[in-house]
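None of these values were measured; they are calculated from a predicted model. Heavy-atom basis, side chains included; hydrogens, waters and symmetry copies ignored.
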Amino acid sequence: MRDIHHFLNGRAVLGASGRFGDVYDPNTGKVQARVALASSAEVDTAVAQAVKAQAGWAQMNPQRRARVMFAFKGLIEANVDELALLLSSEHGKVVADARGDIQRGLEVVEFACGIPHLLKGDYTEGAGPGIDVYSMRQPLGVVAGITPFNFPAMIPLWMSAVALACGNAFILKPSEKDPSVPVRLAELALEAGLPEGVLQVVHGDREAVDVLLRHPDIKAISFVGSSDIAHYVYQQGALYGKRVQAMGGAKNHGIIMPDADLDQVVKDIVGAAYGSAGERCMALPVAVPVGAKTADAFVERMIDAARGLKVGISTDADAHYGPVVSAAHKAKVESYIQMGVDEGAELLLDGRGLKLQGHEEGYFIGPTLFDRVKPAMKTYQDEIFGPVLQIVRAETLEEAASLPSDHAYGNGVAIFTRNGLAAREFAAKVNVGMVGINVPILCPWPTTVSAAGSARPSVT
Ligand code: NAD
């Protein structure tokens, strides 16, 4: 059995806690490796090593740190095929999506290459008689990132690249479900010239997270994951005096106006709802057609489009999407499908019970489609995070727009229309963080600094 080690002070370190988590191949349902789960003492050691390493890294001038980022970028590009296969084998997303996962993270590494410019402070002459004032941007020290399973390359890179380029040391606690790619990225960063101990990867579960949240040498925490844990991390981190950003779950709506190009809408929504088996925080699992005519036409085309999707193993180049990440997650999604039926929604396509020949134990769920979903239903209110599209019919744009605005999750929303004025007004009024106009999957772009642009935080 392959063991996945921590990556500390520039080398693989065997976990000594005696606790391990199983890492599955979602295509087969078989355990393919085990990952060490750190004890509190191991996390303490990782932090102490990072404190030592950070001092020298912070003294290096920003141009030199940027050169390490350039080299890191080149190494990620050179190793993208290997990284994508590894990612796909533990996550279950198809290799093309795994490449996208890496590419989106790489964009933040590219952004971090401009750190000498980004770190420039401000200067104010004559703030008082004979007094000039200037500001400096300085590293915090050691900061930590706790990341989810669904983007095991993008999210660790989002969090770590800029923090590192600014002169911080970074402790990464990746998801224990697909931990290999974060380790591989840390190895590449070392090869790129990052000093030992500046990027530490500690695997673990709540025990490791709790140490990071309370440790006096951790100055800031970045978290992405489910909302309950995001709340917990936010509250605990704040209690211990840390800067915390915590991104939680999502339930993104796509509003379809009667004037929308329906062929394009169906193409967009089929990808946004079912791609990566719906395991994306920016997936679009709720479609809101406006008017009965729009709804009927959309439903008819959507059934065909969803039926046309190929579910396959993650290395199948023809597959639109692969298995979900774990047996527990498969069971959770399927229980939501049953709940939808029990709540009275109209099940048009049922993806339960899908077996792939030769991969009968894989965690596959076929495309599932519900019509006539109502806002009072729990299946509408909760995040399902699987290949399930729910249609909620609305009579007017106002009614449609109130759905995402009033929903507990406020991550993203999309409107499909040819009417520029309606789109503009919708974007201004809807109470959701990111708004797409004829764009189904909104992915934050490094230079627009997504969180700062949010009208509403995604933690709910
Ligand atoms: P998760 O909350 O189960 O796990 C996230 C991280 O928290 C992991 O590192 C995990 O080990 C840790 N963790 C889990 N339980 C914990 C506990 N009790 N105490 C402390 N730490 C704990 O999330 P997940 O299932 O890995 O990821 C999917 C979720 O992430 C979805 O809800 C999705 O919407 C969300 N997500 C949000 C964004 C965003 O930008 N808002 C992006 C990607 C994913």
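At a threshold of 4.5 Å between non-hydrogen side-chain atoms, the residues F223 and V244 do not count as touching. With contacts defined as side-chain heavy-atom distances shorter than 4.5 Å, the pair Y321/P387 qualifies. In this structure, E82 and R184 have side chains that are in contact, with non-hydrogen atoms separated by less than 4.5 Å. Side chains of L87 and D178 form no contact here, defined as non-hydrogen atoms less than 4.5 Å apart. Between P404 and I255, some side-chain heavy-atom pair lies under the 4.5 Å cut-off. Side-chain atoms of V95 and S314, non-hydrogen and from C-beta on, never get closer than 4.5 Å to each other. Looking at I415 and L397, their side chains come closer than 4.5 Å, going by heavy atoms from C-beta outward. A 4.5 Å side-chain heavy-atom check between F111 and L118 finds at least one atom pair inside the cut-off.
Using a 4.0 Å cut-off between charged side-chain N and carboxylate O, K310 and D316 make a salt bridge. Under the 4.0 Å criterion applied to side-chain N and carboxylate O atoms, E334 and R352 are not assigned as salt-bridge partners. With respect to the salt-bridge test (charged N to carboxylate O, under 4.0 angstrom), the residues R393 and D296 qualify.
In this structure, K293 forms no cation-pi arrangement with F298, as its terminal cationic atom is not both closer than 6.0 Å to the ring centre and no more than 45° off the ring axis. A cation-pi geometry, defined here as NZ or CZ lying under 6.0 Å from the six-membered ring centre and within 45° of its normal, holds between R206 and Y232.
Residue R214 qualifies as enclosed at atom CZ: its count of foreign heavy atoms under 6.0 Å is above 12. Within 6.0 Å of atom CD in E300, 12 or fewer heavy atoms from other residues, nucleotides or ligands are found, so the atom counts as exposed in its surroundings.
A donor-acceptor pair under 3.5 Å is absent between the side-chain atoms of D268 and the main chain of P440, judged by distance alone. Of the possible polar contacts, one joining the E399 side chain to the E395 backbone as a donor-acceptor pair under 3.5 Å is found. Side-chain N or O atoms of K173 include none that pairs as donor or acceptor with a backbone N or O of A208 at under 3.5 Å. Remark: side-chain polar atoms of D259 are paired, donor with acceptor, to backbone N or O of N419 under 3.5 angstrom. Not a single donor-acceptor pair under 3.5 Å links the side chain of S226 to the backbone N or O of G249. The closest donor-acceptor contact from the side chain of Q200 to the backbone of A46 lies under 3.5 Å. At least one donor-acceptor pair under 3.5 Å links the side chain of R65 to the backbone N or O of C166. Checked by atom type and distance alone, the side chain of N252 pairs as donor or acceptor with a backbone atom of C281 at under 3.5 Å. Using a distance-only test at 3.5 Å, with no hydrogens or angles considered, no donor-acceptor pair links the side chain of Q63 to the main chain of P116. No donor-acceptor pair closer than 3.5 Å links the side chain of K93 to the backbone N or O of V324.
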Q: For the pair E279 and F151, evaluate side chain to side chain contact (heavy atoms under 4.5 Å, CB included) and give the outcome as yes or no after the intermediate values.
A: CA-CA 9 Å; E279 293 172 322; F151 282 98; over 6 Å; no

(Q) Go through it in stages, so that I can follow the logic: the residues are D382 and Y336, the test is side chain to side chain donor-acceptor pair (under 3.5 Å), and I'd like the CA-CA distance, side-chain angles, deciding distance and then a yes or no. (A) CA-CA 9 Å; D382 288 0; Y336 270 110; 2.6 Å; yes

(Q) For a side chain to side chain contact (heavy atoms under 4.5 Å, CB included) check, start with the C-alpha distance between F364 and N27, then their side-chain angles and the critical distance, and finish with the verdict. (A) CA-CA 8 Å; F364 298 96; N27 294 302; 4.1 Å; yes

**Q.** Check against salt bridge (Lys or Arg N to Asp or Glu O under 4.0 Å), R280 and D101
**A.** CA-CA 11 Å; R280 291 179 180 140; D101 188 329; over 6 Å; no

Q: Could you give me the CA-CA distance, side-chain angles and deciding distance for M302 and L389, then say whether side chain to side chain contact (heavy atoms under 4.5 Å, CB included) is met?
A: CA-CA 10 Å; M302 195 43 135; L389 176 63; 3.5 Å; yes

Q.
Before you tell me yes or no, could you show the steps for K251 and E383 under salt bridge (Lys or Arg N to Asp or Glu O under 4.0 Å), namely the whole-Å CA-CA distance, both residues' side-chain angles and the distance that decides it to 0.1 Å?
A. CA-CA 6 Å; K251 189 94 182 201; E383 179 185 45; over 6 Å; no

Q: Give the intermediate values and the outcome of side chain to side chain contact (heavy atoms under 4.5 Å, CB included) for residues V43 and L212.
A: CA-CA 8 Å; V43 182; L212 295 173; 3.7 Å; yes

Q: Could you walk me through whether Y380 and H407 pass ring-ring contact (aromatic ring centres under 6.0 Å, His included), step by step?
A: CA-CA 9 Å; Y380 167 75; H407 201 281; 4.9 Å; yes

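Between F385 and H329, the two ring planes are perpendicular [angle over 60°; tilted spans 30° to 60°]. Ring-plane geometry between Y134 and Y123 is classed as parallel, the angle between the planes falling under 30 degrees on a 0 to 90 degree scale with a further cut at 60.
Note that CG of L354 is 12.5 Å distant from NE2 of H359, once rounded to the nearest 0.5 Å. In this structure, L157 CG and Q103 CD are separated by 11.0 Å, a value rounded to the nearest 0.5 Å. For the atom pair CE (M257) and OG1 (T396), the distance works out to 8.5 Å, reported to the nearest 0.5 Å. Atom CZ of R424 and atom OG1 of T417 lie 14.5 Å apart (nearest 0.5 Å). The distance from the CG atom of L369 to the CZ atom of R307 is 9.5 Å, given to the nearest 0.5 Å. How far CD1 of I102 is from CE of M154: 12.0 Å, rounded to the nearest 0.5 Å.
When all heavy atoms are compared, the tightest approach of P258 to T294 is CA-OG1, 3.5 Å. In terms of heavy-atom proximity, V392 sits nearest to L403 at CG1-CD1, 3.9 Å. Minimum heavy-atom separation, I218 to A144: CG2-CB, 4.0 Å. Among all heavy-atom pairs drawn from V94 and S88, the shortest one is C-OG, 4.4 Å. Here the closest non-hydrogen pair linking V430 and A401 is CG2-O, 4.1 Å. When all heavy atoms of L262 and A297 are compared, the pair lying nearest together is CD2-CB, 3.5 Å.
Two rings, from H91 and F149, have their centers less than 6.0 Å apart.
In this view, E90 and R2, S180 satisfy the side-chain hydrogen bond (donor to acceptor under 3.5 Å, both in side chains) rule, not counting sequence neighbours.
The only member of I4, L199, L172, I155 that meets side chain to side chain contact (heavy atoms under 4.5 Å, CB included) when paired with P182 is L172.
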